Asks: 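Sharing a structure below in structure tokens format, with a few things to ask.
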Amino acid sequence: MCKIIDGKRHSAEIRDELRTFADSFEKKCGRRVGLAVILIGDDPASQVYVRNKEKACEEVGIKSFMYTLGKEVSQEDAEELVRTVCEDDAIDGVIVQLPLPGHLDRKKICSLIPVEKDVDGFSAENMGLLALNDGGAVSACTPLGIMKLLEREGIDVSGKNAVVVGRSAIVGRPMSLLLLNADATVTVCHSKTKDLEKVCAGADILVAAVGRPKFITAAMVKEGAVVIDVGMDRDENGKLCGDVDFESVKGKCSYITPVPGGVGPMTVTMLMYNTCRSAARRNDVRL
Ligand code: NAP
């Protein structure tokens, strides 16, 4: 019998725990935990993501500081804002919503965020710490959310064969490092991988972060595997679906995350978690 992992429920429970932390942080430190979100340009998807982050902040009791710049802003002005925001002591985490307008140097702008306020975990330093299995690393939110789901479902990763399909800097790569750090034997697949079906079929834990609708079929899944679907794709009718062919795969695996309602809700919750963790570390209090 396959268990469908309820990401919404886990996410709501974690937000409750973070709310308790945020309230006690205010009592101890005399201010709310603070998250700054910098939005540059008018990308409609980014506007939706930013609104969701603001809503999550409200729910958890984190004070959100919103900064918006027009799409014509110069590199210098964008850098100036990021520097100023990062210096603000009332702000524990800073994120620059991506993508940025094409004329801006994303790497340069993001590199201005100091490692201790990089709550997206995208910086070279945090990725390096993760690669070194340093407990101080801030992990990217989506893979961190997946690790929390596995942990909360009581799924032991140690010694398991984990296959991650996708090697992007925000999902596949940090996912593979987190699984390796948790003692899994990890294989990372990508568009040049040979015999993908066979590699996937050897996985005890299969993470799909490909960006192709229903790409992972039942033939690619081992009987009893744990299947984690990161994809947020559209099927032929324009309906939201994942990278996994849910209907055929669910009959074969032991656990599966649905789309929507699986990995997705955890991502913003992990941004709240990373922000609370940053506040705790900066003020020497326990999370
Ligand atoms: P991405 O940057 O486009 O990376 C896709 C990865 O899949 C690449 O490494 C690519 O290989 C690999 N790939 C593409 N076609 C393949 C094939 N035929 N066989 C094997 N590997 C293949 O995408 P992403 O940002 O990681 O996102 C992946 C999916 O997760 C998307 O659907 C995205 O919307 C979703 N997502 C969801 C959340 C969430 O919160 N739920 C967060 C982030 C992303 P190469 O490296 O060789 O090109």
Side-chain angles (χ1 to χ4, degrees), residues 4-12 14-15 43-46 48-53 55-56 95-100 106-107 110 119-122 127 130 139-150 162-179 186-203 206-217 219-221 227-236 238-246 249 256-274:
I4 295 168
I5 298 177
D6 185 348
K8 268 196 196 157
R9 177 176 61 80
H10 286 294
S11 170
I14 295 170
R15 286 187 192 192
D43 179 59
S46 293
V48 173
Y49 295 143
V50 162
R51 260 202 308 279
N52 285 342
K53 288 169 189 175
K55 269 196 228 152
I95 60 166
V96 175
Q97 185 66 44
L98 300 176
L100 294 180
R106 175 188 58 82
K107 255 187 171 170
C110 292
V119 285
D120 260 339
F122 293 163
M127 278 292 277
L130 190 62
S139 308
C141 298
T142 301
L144 182 62
I146 292 168
M147 294 309 286
K148 292 274 178 207
L149 285 178
L150 294 171
V163 172
V164 180
V165 191
R167 57 174 167 180
S168 71
I170 61 165
V171 189
R173 243 166 244 266
M175 184 76 250
S176 64
L177 290 169
L178 282 167
L179 287 163
V186 183
T187 307
V188 185
C189 301
H190 46 77
S191 65
K192 305 288 186 292
T193 298
K194 292 204 166 61
D195 223 347
L196 184 70
E197 185 172 313
K198 194 169 155 210
V199 180
C200 290
L206 178 62
V207 181
V210 194
R212 293 179 176 235
K214 304 182 185 178
F215 180 79
I216 303 289
T217 58
M220 300 165 90
V221 175
V227 178
I228 304 292
D229 190 350
V230 186
M232 293 217 299
D233 314 314
R234 297 275 163 193
D235 69 9
E236 58 283 5
K239 203 171 150 234
L240 184 65
C241 71
D243 287 346
V244 176
D245 183 11
F246 184 83
V249 169
I256 190 166
T257 59
V259 177
V263 171
M266 293 294 283
T267 297
V268 177
T269 298
M270 288 303 103
L271 178 65
M272 303 298 114
Y273 170 81
N274 279 345

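Just follow the structure's listing: the first ligand is 1, and inside any ligand the first atom is 1. As the structure is a prediction and not an experimental result, all values here were calculated from the model.
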Asks: Check ligand 1 against the protein and report each N/O to N/O distance under 3.5 Å, formatted as atom name, atom name, distance.
Replies:
unit_1, atom_1, unit_2, atom_2, d
ligand 1, 9 (O), R167, N, 2.8
ligand 1, 11 (O), S191, N, 3.2
ligand 1, 15 (N), R212, NE, 3.1
ligand 1, 21 (N), H190, O, 3.4
ligand 1, 21 (N), S191, N, 3.3
ligand 1, 26 (O), S168, OG, 2.5
ligand 1, 30 (O), V230, O, 3.4
ligand 1, 32 (O), M232, N, 3.0
ligand 1, 32 (O), D233, OD1, 2.9
ligand 1, 40 (O), T267, OG1, 2.7
ligand 1, 46 (O), R167, NE, 2.7
ligand 1, 47 (O), R167, NE, 3.4
ligand 1, 47 (O), R167, NH2, 2.8
ligand 1, 47 (O), S191, N, 3.1
ligand 1, 47 (O), S191, OG, 2.5

Asks: Counting C-beta onward and ignoring hydrogens, is there a side-chain heavy-atom pair between L179 and L150 closer than 4.5 Å?
Replies: yes
Asks: Closest approach of Y49 and M232, non-hydrogen atoms and distance?
Replies: OH-CE, 4.5 Å
Asks: Going by the rule side chain to side chain contact (heavy atoms under 4.5 Å, CB included), which residues pair with V259 if we only count those two or more places apart in sequence or in a different chain?
Replies: D229, L240
Asks: In residues 166-175, what donor-acceptor pairs under 3.5 Å come from side-chain atoms, sequence neighbours left out?
Replies:
unit_1, atom_1, unit_2, atom_2, d
S168, OG, V171, N, 3.1
R173, NE, R167, O, 2.9

Asks: Please list every donor-acceptor pair under 3.5 Å in which a side-chain atom of residues 262-270 meets a protein atom from a residue at least two apart or in another chain.
Replies:
unit_1, atom_1, unit_2, atom_2, d
T267, OG1, T142, OG1, 3.0
T269, OG1, S11, OG, 2.7
T269, OG1, R15, NE, 2.8
T269, OG1, R15, NH2, 3.1
T269, OG1, P265, O, 3.2

Asks: Drop me the distance from I228's CD1 to I216's CD1, to the nearest 0.5 angstrom.
Replies: 12.5 Å
